[in-house]
Amino acid sequence: MLFLLSPAKSLDFATPPQVATHTPPLFVSQSTELIKVLREKTPAQVSELMSLSDTLAGLNVARYQAWSPKSSAKNAKQAVLAFNGDVYEGLDAKSLPAADLDWAQAHLCILSGLYGVLRPLDLMQPYRLEMGTRLATAQGSNLYQFWGAQIADYLNARAAADTSPVIVNLASEEYFKAVDRHALKPRVVSCVFEEFKGGKYKIISFHAKRARGLMVRYAIDRKLVTVKKLEGFDVEGYRFAPAVSGPDRLVFRRQQAG
């Protein structure tokens, strides 16, 4: 069973990692190709392309210039420890011991506009490139066309080792669109997190993002390898809602945000 997460815009390269173990990114040649395109952009062009402030555009132009095909502990950090948004606050990988990070390495994939797929311990350099960015390359007008079926092919290869291959989708729609569903072979199960507000249950983005990270942490702590076991998720007030769930869509609800 493989879990998919989106990356985060917020990064933490200041906190030293609690483990030295690391692995190289999988799609370095593709990342290098994208960096070459990005390096041709002026700060003003990056600002317009990504809807960034002048300050953030300047920061990321500097990141593209500094980026190297060779990652090391000096210029990079393990991906799951470098990302720092709502999802990763829920996951709280900084508190995981080495053995649990090793388990995550075997069961978690982080989708990325620049890196395609990152395993938790893959060394990642600071960057900003959301999957929905309309960055034109030789492969097309956006990153979905650039990555094509490459991400799905990789996930197929990873899942092939399982007797009953399953992808647990905890990524956003923007990122999961980068997985070519026509090429993807494993069963896909999505998890949905809803809050009771205004007299009905609804998805609230901030809480849903945190819950995705909490679900991955729940699986890591218990070393879960079957979909059925995910139904026991009961963190921060969430409970499985079988009446509104289906075989490939697990819904978790809570009365109010904890």
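For Thr23, the side chain to side chain donor-acceptor pair (under 3.5 Å) partners are Gln105, Asp122, not counting sequence neighbours. Not counting sequence neighbours, the partners of Phe193 by the ring pair (Phe, Tyr, Trp, His ring centres under 6.0 Å) test are Phe233, Tyr238, Phe252. Taking Ser68 as the reference, nothing meets the side chain to side chain donor-acceptor pair (under 3.5 Å) condition, with sequence neighbours excluded. Contacts of His22 classified as ring pair (Phe, Tyr, Trp, His ring centres under 6.0 Å), with partners at least two apart in sequence or in another chain: none. Listed by chain and number, the residues in a ring pair (Phe, Tyr, Trp, His ring centres under 6.0 Å) with Tyr127 are Tyr115 (sequence neighbours excluded). The side chain to side chain donor-acceptor pair (under 3.5 Å) search around Gln78 returns none, not counting sequence neighbours. Taking Arg217 as the reference, Ser95, Asp221 meet the side chain to side chain donor-acceptor pair (under 3.5 Å) condition, with sequence neighbours excluded. For Tyr154, there are no ring pair (Phe, Tyr, Trp, His ring centres under 6.0 Å) partners, not counting sequence neighbours.
Ile220 and Val19 fall within the same hydrophobic cluster, defined by Ile, Leu, Val, Met, Phe, Trp and Tyr side-chain heavy atoms under 4.5 Å apart, directly or through other members. No path of Ile, Leu, Val, Met, Phe, Trp and Tyr side chains, each step under 4.5 Å between heavy atoms, connects Val192 with Tyr201, placing them in separate hydrophobic clusters. Side-chain heavy atoms closer than 4.5 Å link hydrophobic residues (I, L, V, M, F, W, Y) into clusters, and following such links, even through other members, never connects Leu123 to Leu81. In terms of hydrophobic clustering, with Ile, Leu, Val, Met, Phe, Trp and Tyr side chains grouped at heavy-atom distances under 4.5 Å, Leu49 and Val37 are assigned to a common cluster. Hydrophobic clustering keeps Val251 apart from Leu4 (ILVMFWY residues linked when any side-chain heavy atoms are closer than 4.5 Å, directly or through intermediates).
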Run the salt bridge (Lys or Arg N to Asp or Glu O under 4.0 Å) test on Glu130 and Arg128 for me, step by step, so that the C-alpha distance in whole Å, both residues' side-chain angles and the decisive distance to 0.1 Å come before the verdict. CA-CA 6 Å; Glu130 294 171 53; Arg128 174 78 164 262; 3.3 Å; yes

Derivation and outcome, side-chain contact (heavy atoms from CB on, under 4.5 Å), residues Leu34 and Thr137: CA-CA 8 Å; Leu34 288 170; Thr137 66; 3.9 Å; yes

Please report the C-alpha distance between Gln125 and Tyr64 in whole Å, then the side-chain angles of each, then the deciding distance to 0.1 Å, and finally whether the side-chain hydrogen bond (donor to acceptor under 3.5 Å, both in side chains) criterion is met. CA-CA 10 Å; Gln125 295 169 57; Tyr64 305 144; over 6 Å; no

Let's go through Leu108 and Leu2 carefully: what are the C-alpha distance in whole Å and the side-chain angles of both, what is the deciding distance for side-chain contact (heavy atoms from CB on, under 4.5 Å) to 0.1 Å, and is it a yes or a no? CA-CA 6 Å; Leu108 173 61; Leu2 280 177; over 6 Å; no

For a salt bridge (Lys or Arg N to Asp or Glu O under 4.0 Å) check, start with the C-alpha distance between Glu195 and Arg254, then their side-chain angles and the critical distance, and finish with the verdict. CA-CA 5 Å; Glu195 321 285 329; Arg254 64 179 177 180; 2.6 Å; yes

Start with the C-alpha gap between Val244 and Arg253, add the side-chain angles, then the distance that decides, and say whether side-chain contact (heavy atoms from CB on, under 4.5 Å) holds. CA-CA 10 Å; Val244 292; Arg253 289 175 163 177; 3.8 Å; yes

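Put simply, the side chain of Glu48 never gets that close to the backbone of Gln45: no donor and acceptor are under 3.5 Å apart. Side chain of Tyr175 to backbone of Gly113: no donor-acceptor contact under 3.5 angstrom is found. Judged purely by atom type and a 3.5 angstrom limit, Ser245 uses its side chain to pair as donor or acceptor with the backbone of Ala241. No donor-acceptor distance shorter than 3.5 angstrom exists from the side chain of Gln145 to the backbone of Ala138, with no hydrogens or angles considered. Side-chain atoms of Arg119 come within 3.5 Å of backbone N or O of Pro24 as a donor-acceptor pair. The backbone N or O of Leu96 lies less than 3.5 Å from a partner atom in the side chain of Gln18, making a donor-acceptor pair. Between the side chain of Lys77 and the backbone N or O of Pro17 there is no donor-acceptor pair closer than 3.5 Å. With Ser47 contributing its side chain and Asp54 its backbone, the two residues share no donor-acceptor pair below 3.5 Å. Between the side chain of Thr133 and the backbone N or O of Leu135, no donor-acceptor pair lies under 3.5 Å. Ser31 places a side-chain N or O within donor-acceptor distance of the main-chain N or O of Leu114, the cut-off being under 3.5 Å.
Within the 4.5 Å cutoff, side-chain heavy atoms of Leu129 are placed close to those of Met50. The shortest distance between side-chain heavy atoms of Leu111 and Leu5 does not fall below 4.5 Å. Looking at heavy atoms from C-beta onward, Leu59 lies out of side-chain contact with Val61 at the 4.5 angstrom threshold. Side-chain contact between Phe176 and Arg181 is present, with at least one heavy-atom pair separated by less than 4.5 Å. The closest side-chain heavy-atom distance from Met124 to Ser71 is not below 4.5 Å. At least one side-chain heavy atom of Arg63 sits less than 4.5 Å from a side-chain heavy atom of Leu11. At least one side-chain heavy atom of Leu230 sits under 4.5 Å from a side-chain heavy atom of Leu250. Side-chain contact between Leu118 and Cys109 is absent, with no heavy-atom pair separated by less than 4.5 Å.
Within the structure, salt bridge (charged side-chain N to carboxylate O under 4.0 Å, His left out) pairs that include any residue of residues 30-39 do not occur (at least two apart or interchain). Legend: salt bridge (charged side-chain N to carboxylate O under 4.0 Å, His left out) pairs involving residues 163-179, not counting sequence neighbours: none detected. The salt bridge (charged side-chain N to carboxylate O under 4.0 Å, His left out) contacts involving residues 147-164 comprise nothing, where partners must be two or more places apart or lie in separate chains. For residues 240-251, the salt bridge (charged side-chain N to carboxylate O under 4.0 Å, His left out) pairs, not counting sequence neighbours, are Arg187-Asp248.
How far NZ of Lys209 is from CD1 of Ile203: 13.0 Å, rounded to the nearest 0.5 Å. Put simply, OG on Ser205 and CZ on Arg210 are 14.0 Å apart, with the number rounded to the nearest 0.5 Å.
A salt bridge links Lys223 with Asp100; the closest basic N to acidic carboxylate O contact falls under 4.0 Å.
Remark: Lys9 NZ is loosely packed, at most 12 non-hydrogen atoms of other residues, nucleotides or ligands lying under 6.0 Å away.
Nearest heavy atom pair, residue Val80 against residue Tyr88, reads O-CD2, 4.1 Å.
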